[in-house]
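What follows is a set of notes on a single structure, which appears directly below.
Below, chains carry the letters A, B, ... as their sequence lines are ordered, and counting in each starts from 1.
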There are 2 protein chains.
Amino acid sequence: MFIGSLGGVNGSEVLIFVMALVIGLITLVVRLGRKGLGGAAVEDLDVRTAPPKGTVTQRAIDQIKAMIADGLLGPGQRLPTERDLAVQLGVSRSSMREAVRALTFMGVLEARHGSGVYVTQLAAGDLLESFGVVADLSRGPQMVELLELRKVLESTAAALAAARIDADQLAEVERHLRAMDTTDDTEEILAHDVAFHRAINEAAGNDTMAAVLEGLSSRTFHTRVWRGYQEEGAIERTRREHARIHRALVARDPEAARVAAAVHVGEVEQWLRERLAEGA
Amino acid sequence: MFIGSLGGVNGSEVLIFVMALVIGLITLVVRLGRKGLGGAAVEDLDVRTAPPKGTVTQRAIDQIKAMIADGLLGPGQRLPTERDLAVQLGVSRSSMREAVRALTFMGVLEARHGSGVYVTQLAAGDLLESFGVVADLSRGPQMVELLELRKVLESTAAALAAARIDADQLAEVERHLRAMDTTDDTEEILAHDVAFHRAINEAAGNDTMAAVLEGLSSRTFHTRVWRGYQEEGAIERTRREHARIHRALVARDPEAARVAAAVHVGEVEQWLRERLAEGA
DNA sequence: CTCCGCCGAGTGATCCGATGAACATTCAGA
DNA sequence: TCTGAATGTTCATCGGATCACTCGGCGGAG
């Protein structure tokens, strides 16, 4: 096409110019039309859209959220296609996609390629899946705060689990406990350590709390903290502390479980606190 | 410009053509080079890119996250422009934008119009700002779980605050306490109620915990739950419970504060639990 | 009649180019 | 020296095109 236009004067340039002009006019008309509508007709929607608070995408996100919160969209339900939804909300598909992507990332929506966009079950696990980034990206004093937070929740979960755990769940806990005792591979120990706590947290019966703890115990966070911790011969101590938690669960003793879990996480917290004091 | 090119043959078209050609070639070379490198040289990067796990955007998100986690990008630092970053990660600008938007929404990045994209300070508040969605979208049994979680954290925060609160912070708490006692406007009471707890949570000295509680106490959640709760003449009881928490803070009595806060949230939790049992 | 594979419509995923808007920098003039 | 207008850089938004995937219908084989 370029070569053609280089060769000599032809009609294509005129065509392009006219098209650009037309497109410009259309755009102008559309914009004026949109502004015009906002003036009077759609009052109830206007309160949301007229004050252009933030970006267009942000508005789209809020509107979709509102649709779900108001019950217009239930869990598992399918949304209109991106194209239709974009028209419906008055934004372009690109902005629409960004909104959907953001909500997808937060676990509110789920996009199935070739099928459509659906609302998730809105379970705690879905919504808190992205919670892990906090743990992944925190450093320094924030890591201590995270461990303090985890100490509180983990001890509470252990206490609840001591009261509520059933035989199957206890067997699962014991399985990971034994697996940790019978290997020296650091990676394997780490994996079973995480699984050990996860089993307890799930046995506590509060899925929301378990999901938060899941985010707090993200793999990368564990790895970063414990790399140094376990080098100091803390593996044996960790094993003893796990065994103590387990005994409390078997004994159905909530307070013992609470204390044991608090001590377990508190040890790591204290170690990290001291290490930061030195490093600084 | 169009009119100019219509008038006669000039050099600009040649320039444009050459530029387009060059850009095309560069793109081609980059793509071939990437594919070629993936074969052997860059093994460690290859495990991330070669198996196209998930979507392109997801990969972009993970890569940016990795850059921050690895320290290549520090808090407050400016990222390359969208165009450069898109080329660098091998995705289009649209996908790039989606990734940036997702991270912006999570509070990891911040896009300043006309200036660039920056990494936030990565404070707990930034990262947990989107946490409120969980509270906004949960319903039924999940709301009880959220209140249970809040009971644990709020009581812990109250205990910590009793030990650490200073005069200014205590004055702030008292200000909201008095404001609640001297009005009957529901909206105003609600606002000061939230502020009352926020002041205590901030005085606890754990910003991460305060940020999580902030998300758990989102305005819409409060409104939904307390609309019914306060209709049952619970306002007076709420005032008494707040006063008790305040007395514990003044007395620097952590355990009293813990119990008072636990009772305060627990009352709402129990009420909601019963209400759900009836409704179901 | 039932089952299986092919195929086209529908839909999300990705890319591209263009234009507008907000901010930052530079430079001329008072 | 200070101010403000011109200029450049960058994000924000848009609409179109193309690719990849899924699902349901149709026709042929058994």
May I ask you to say whether A:E98 pairs ionically with A:R101, meaning some side-chain N is under 4.0 Å from a carboxylate O?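 Between A:R101 and A:E98 there is no salt bridge, as every charged N stays at least 4.0 Å from the carboxylate O atoms.
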Side chain of B:T57 only, please: which of C:dT14, C:dG17, D:dT10 is the nearest?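 The answer is C:dT14.
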Please determine, for the side chain of B:R93, which listed nucleotide (D:dA12, C:dG17, D:dG15) has the closest atom?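 Taking heavy atoms from C-beta onward, the closest nucleotide is C:dG17.
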Measure from [atom1] on [X] to [atom2] on [N] and round the result to the nearest Å.
| X | N | atom1 | atom2 | answer |
| --- | --- | --- | --- | --- |
| B:R59 | C:dT14 | CZ | C1' | 11 Å |
| B:E98 | D:dC11 | CD | P | 16 Å |
| A:R83 | D:dC14 | CZ | C1' | 15 Å |
| B:E82 | C:dC15 | CD | C1' | 14 Å |
| A:L79 | C:dG12 | CG | C1' | 13 Å |
| B:L85 | C:dC15 | CG | P | 13 Å |

Please check the phosphate of [N] (OP1 and OP2 only) for any side-chain N or O of [X] closer than 4.0 Å.
| X | N | answer |
| --- | --- | --- |
| A:S95 | D:dC14 | yes |
| A:R97 | C:dG12 | no |
| A:R101 | C:dT14 | yes |

First of A:M96 and B:T81 reached from the 5' end of DNA chain D, by closest nucleotide: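 It is B:T81 whose nearest nucleotide is closer to the 5' end.
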Could you tell me whether a side-chain N or O of [X] sits under 3.5 Å from a main-chain N or O of [Y], the two making a donor and an acceptor?
| X | Y | result |
| --- | --- | --- |
| A:R78 | A:S115 | yes |
| A:T120 | A:V108 | yes |
| B:E145 | A:D207 | yes |
| A:R224 | A:D136 | yes |
| A:Q58 | A:T55 | no |

Which part of the nucleic acid does B:S94 contact within heavy-atom distance under 4.0 Å: base, sugar-phosphate only, or nothing?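 Base contact - B:S94 has a heavy atom under 4.0 Å of at least one base atom.
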Given A:R198, which of A:E214, A:E172, A:H176 fulfils the side-chain hydrogen bond (donor to acceptor under 3.5 Å, both in side chains) condition?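 In the set A:E214, A:E172, A:H176, the residue that makes a side-chain hydrogen bond (donor to acceptor under 3.5 Å, both in side chains) with A:R198 is A:E214.
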Output the residues of residues 107-120 of chain B in contact with DNA chain D, where contact means a heavy atom of the residue under 4.0 Å from an atom of the strand; sort by number or write none. B:A111, B:R112, B:H113, B:G114, B:S115, B:G116, B:V117
